[in-house]
Novice: 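Pasting a structure here, questions to come.
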Amino acid sequence: MTGVVLAVLALLALGYVLAAVDLRWSPLRTASWLAGLAVAAAGLTGPLAQAHGDLRAHLAAHLLTGMVAPVLLVLAAPVTVLLRALPLGRARSVSRLLRSAPARVLGDPFVAVALNVGGLWVLHGSGLLGTVAHSPGSHLLVSVHVLLTGWLATAAVLAVDPAPHRRGVVARAVALGAGMAGHDVLAKWLYAHPPAGVTHAEAGARLLYDGGTVVHVVVAALLWRQWYCSRAAVRDAEQAAGQRPWARA
């Protein structure tokens, strides 16, 4: 199973690099993609993923796969690379998929964040963790789910790639704040009510709280920078329009 995961991640890395070379794509975004895949590999297949029953290791792997890796992967703008690399006909098919009703629902930041945080609550609050913690196959499937929902939530909040149904910055900031609150409350709940059959529960809860706060602050800073740059572009455009002779007339 580990070999399959590593093979998939290697194919994703190779495909992105080949497209980046062909498109003369940003080296920073390429590095972000490769770093994101490396972090995901560490969380999915590394020693942390093998420490079954240790809540501290489990939540450290969650931070890598569900929070750090998604931020790096989203910053790489993979959908933009895909649209530019594909032939015109297939790129239009991807664009139609992005404009579809299911994509609109899943890409809404409130839905995406709810799926991400809700899944964590179901896993840790229902006793499901005790079942999957000692089953490597189930643990890997849950980790992949955490990676995909974390990616979906981060992509919906930061909106780096084309998003036909993109929400405004305020709505995305509110969704991020709601996700951060749900994450923090879960960490405190785990501290007070550790799941049965796990070790290092208190240290794991503190790690989830502190590590999650750091990642959320980074995402908030990226969102603020995005808003600031868009406002600066609007001011520059308005100033340029005001300096044109016909605009003054």
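Just the heavy atoms: all of them, side chains too, but no hydrogens, waters or symmetry mates, feed the values below. For this chain, numbers begin at 1 and follow the sequence in order. For clarity, every value in this text was computed on a predicted model and none was experimentally measured.
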Novice: Check for me, please, whether V174 and V169 land in the same ILVMFWY cluster - side-chain distances under 4.5 Å, paths through other members count.
Specialist: no

Novice: Tell me, do T199 and L55 make a side-chain contact under 4.5 Å, heavy atoms counted?
Specialist: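 They are not in side-chain contact.
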
Novice: Does a side chain donor of either R96 or S93 reach within less than 3.5 Å of an acceptor in the other side chain?
Specialist: yes

Novice: Can you name the closest pair of heavy atoms from V160 and A77 and give their distance?
Specialist: CG1-CB, 3.9 Å

Novice: Calculate, to the nearest 0.5 Å, the distance between atoms OG1 and CG belonging to T154 and L176 respectively.
Specialist: 9.0 Å

Novice: What distance separates L208 CG from L63 CG, expressed to the nearest 0.5 Å?
Specialist: 6.0 Å

Novice: Do the side chains of H216 and M67 get nearer than 4.5 Å, heavy atoms only?
Specialist: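 Side-chain contact under 4.5 Å: yes.
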
Novice: Kindly give the heavy-atom pair with the smallest separation between P109 and A156, and that separation in Å.
Specialist: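 It is CA-CB, 3.6 Å.
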
Novice: Taking it one step at a time, do L190 and L59 satisfy side chain to side chain contact (heavy atoms under 4.5 Å, CB included)?
Specialist: CA-CA 11 Å; L190 284 174; L59 292 175; 4.2 Å; yes

Novice: Quick one: do W151 and L223 end up in the same hydrophobic cluster if we chain Ile, Leu, Val, Met, Phe, Trp and Tyr together by side-chain heavy atoms under 4.5 Å apart?
Specialist: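 Yes, because W151 and L223 connect within a single hydrophobic cluster, where side-chain heavy atoms sit under 4.5 Å apart.
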
Novice: Would you check if L222 and V71 make a side-chain contact, meaning some heavy-atom pair closer than 4.5 Å?
Specialist: yes

Novice: If only side-chain N and O atoms count, and only distance matters, is there a donor-acceptor pair under 3.5 Å linking R172 with Q226?
Specialist: yes

Novice: First locate atom CZ of R90, then atom CG of L83, and finally report the distance between them rounded to the nearest 0.5 Å.
Specialist: 13.5 Å

Novice: side-chain contact (heavy atoms from CB on, under 4.5 Å) with R84: which of V81, L86, T80?
Specialist: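 The residue from V81, L86, T80 that satisfies side-chain contact (heavy atoms from CB on, under 4.5 Å) with R84 turns out to be T80.
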
Novice: Surrounding OH of Y209 (heavy atoms of other residues, nucleotides or ligands, distance under 6.0 Å), is the total greater than 12?
Specialist: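 No, the 6.0 Å shell around OH holds no more than 12 heavy atoms from other groups.
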
Novice: side-chain contact (heavy atoms from CB on, under 4.5 Å) with S32: which of L72, L37, V74?
Specialist: L72

Novice: Do L152 and N116 have side chains that get closer than 4.5 Å, going by heavy atoms?
Specialist: no

Novice: Checking side chain to side chain contact (heavy atoms under 4.5 Å, CB included) for the pair R167/D108: CA distance, chi angles, key distance, verdict?
Specialist: CA-CA 7 Å; R167 287 263 201 173; D108 186 281; 2.8 Å; yes

Novice: Measuring centre to centre across the rings, with the benzene-like ring taken for any Trp, is H124 within less than 6.0 Å of H58?
Specialist: yes

Novice: When you group the ILVMFWY residues by side-chain heavy-atom contacts below 4.5 Å and let the links chain together, are L12 and W25 in the same group?
Specialist: yes

Novice: Can you name the nearest heavy-atom pair linking R166 to A159, along with the distance?
Specialist: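 Between these two residues, the closest heavy atoms are NH2-O, 3.2 Å.
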
Novice: Among V113, V111, V117, find the residue that satisfies the side-chain contact (heavy atoms from CB on, under 4.5 Å) test when tested with L115.
Specialist: V111

Novice: Would L82 and L9 show up in the same hydrophobic cluster when neighbours are defined by side-chain heavy atoms closer than 4.5 Å?
Specialist: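 Result: no, two separate clusters.
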
Novice: Take the angle between the ring planes of Y228 and W224 and call it parallel below 30°, perpendicular above 60°, tilted in between.
Specialist: parallel

Novice: Please report the shortest heavy-atom distance between R206 and Y191, naming the atom on each side.
Specialist: NH1-CE1, 3.6 Å

Novice: Quick one: are L34 and V17 in side-chain contact, heavy atoms under 4.5 Å?
Specialist: yes

Novice: Hydrophobic cluster membership, with links at side-chain heavy-atom distances under 4.5 Å among I/L/V/M/F/W/Y: are V39 and V215 in one?
Specialist: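 Linked within one cluster.
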
Novice: Output the distance between atom CG (L6) and atom OG1 (T45), rounded to the nearest 0.5 Å.
Specialist: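 If I round to the nearest 0.5 Å, the distance is 4.5 Å.
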
Novice: Got V217 and T213 here, is their nearest side-chain heavy-atom distance under 4.5 Å?
Specialist: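 Yes - at least one pair of side-chain heavy atoms lies under 4.5 Å apart.
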
Novice: Provide the closest heavy-atom pair for L147 versus T65 in the form atom of the first, atom of the second, distance.
Specialist: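 Closest pair (atom of L147, atom of T65, distance): CD1-O, 3.1 Å.
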
Novice: Measuring from R104:CZ to R99:CZ, what's the distance to the nearest 0.5 Å?
Specialist: 13.0 Å

Novice: For the residue pair W121 and W189, does the interplanar ring angle fall in the parallel (under 30°), tilted (30 to 60°) or perpendicular (over 60°) class?
Specialist: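 Tilted: the ring planes of W121 and W189 meet at 30° to 60°.
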
Novice: How many angstroms lie between CG in L73 and CH2 in W33, if you round to the nearest 0.5 Å?
Specialist: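 Answer for the CG-CH2 pair, L73 versus W33, is 5.0 Å.
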
Novice: Identify the heavy atoms of A201 and P194 that sit nearest to each other, and give their distance.
Specialist: CB-CB, 3.3 Å

